[in-house]
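The structure appears below as structure tokens.
Just so you know, these numbers come straight off a predicted model, no measurement behind them.
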Amino acid sequence: MIYKSHDATTPVTDRPRLLPWSNLDGNPCYLVTDDSGTSRLSRMADDVEAVQLDMAVDLLGHAVDLLGDRKATAPQLRFLAARLAESLHDVHRIARSRGARLSLPGDHRPPEEAPGT
């Protein structure tokens, strides 16, 4: 599913943004919008990514604690592994999305002149 900005006054990027959620069928969703990243849906995606990253940090702390507990049970460890896999999936999607928005080799702007030249 690709959402396209209808604001004709702003330039549209040629690389869609991978959103941090999937559609009902589990397929990735993309957003085509201006380069500023300030559209309402872009800001919502940024907020969702921030929550997912915060949850990953919290889960990592919990994992360290649980793995250090010699009394942890197999069901607890399986549950932890499942949540870690989900979190890793989210973080990987965020990394792919952000990496795709980086400038490509040969796609860079001319360097700015040094002050005083």
Side-chain angles (χ1 to χ4, degrees):
M1 180 177 306
I2 296 181
Y3 293 100
K4 184 170 176 131
S5 172
H6 295 291
D7 183 0
T9 63
T10 57
V12 176
T13 182
D14 58 348
R15 289 180 279 187
R17 175 182 179 171
L18 175 62
L19 294 172
W21 54 78
S22 300
N23 66 16
L24 294 176
D25 296 328
N27 295 319
C29 294
Y30 294 88
L31 172 66
V32 178
T33 187
D34 60 46
D35 285 327
S36 70
T38 59
S39 72
R40 185 172 157 201
L41 197 51
S42 289
R43 290 191 314 271
M44 182 187 301
D46 291 341
D47 292 344
V48 170
E49 286 180 355
V51 168
Q52 290 173 329
L53 292 172
D54 287 344
M55 289 172 59
V57 169
D58 292 345
L59 184 58
L60 210 54
H62 180 65
V64 168
D65 292 342
L66 189 60
L67 292 172
D69 182 1
R70 294 182 113 357
K71 294 180 183 178
T73 65
Q76 289 174 317
L77 294 172
R78 276 194 298 276
F79 182 80
L80 173 65
R83 300 299 73 80
L84 285 170
E86 290 170 358
S87 183
L88 184 58
H89 174 77
D90 291 342
V91 171
H92 181 254
R93 182 190 305 257
I94 292 168
R96 285 188 359 240
S97 176
R98 292 182 179 182
R101 288 181 277 151
L102 295 174
S103 60
L104 299 172
D107 187 28
H108 37 102
R109 298 180 183 139
E112 294 180 22
E113 290 185 31
T117 59

For [X], which fellow cluster members are found when Ile, Leu, Val, Met, Phe, Trp and Tyr are connected by side-chain heavy-atom distances below 4.5 angstrom, either directly or through intermediates?
X: V51; answer: M55
X: F79; answer: none
X: V91; answer: L53, I94
X: L66; answer: L59, L67, L77, L80, L84

My understanding is that only residues two or more places apart in sequence, or in another chain, count here; which of them pass side chain to side chain contact (heavy atoms under 4.5 Å, CB included) with [X]?
X: D46; answer: R17, E49
X: N27; answer: N23, D25
X: L88; answer: none
X: A81; answer: none

* Got a sec, which pairs hit side chain to side chain donor-acceptor pair (under 3.5 Å) with one end in residues 63-72, sequence neighbours left out? ->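 Residue pairs with at least one partner in residues 63-72: there are none.
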* To do: Mind jotting down which residue pairs meet the side chain to side chain donor-acceptor pair (under 3.5 Å) criterion with at least one end in residues 78-90? Sequence neighbours excluded, please.
  => R83-E86, H89-R93
* Asked: Where do A45 and W21 come nearest, in terms of heavy atoms and distance?
  ->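 Nearest pair, atom of A45 first, then W21: CA-CZ3, 3.9 Å.
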* Partner of L18 by side-chain contact (heavy atoms from CB on, under 4.5 Å), out of R96, R101, R98 ->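 It is R96; the other options fail the test.
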* Check whether any side-chain heavy atom of S97 sits under 4.5 Å from a side-chain heavy atom of L19, and report yes or no. => no
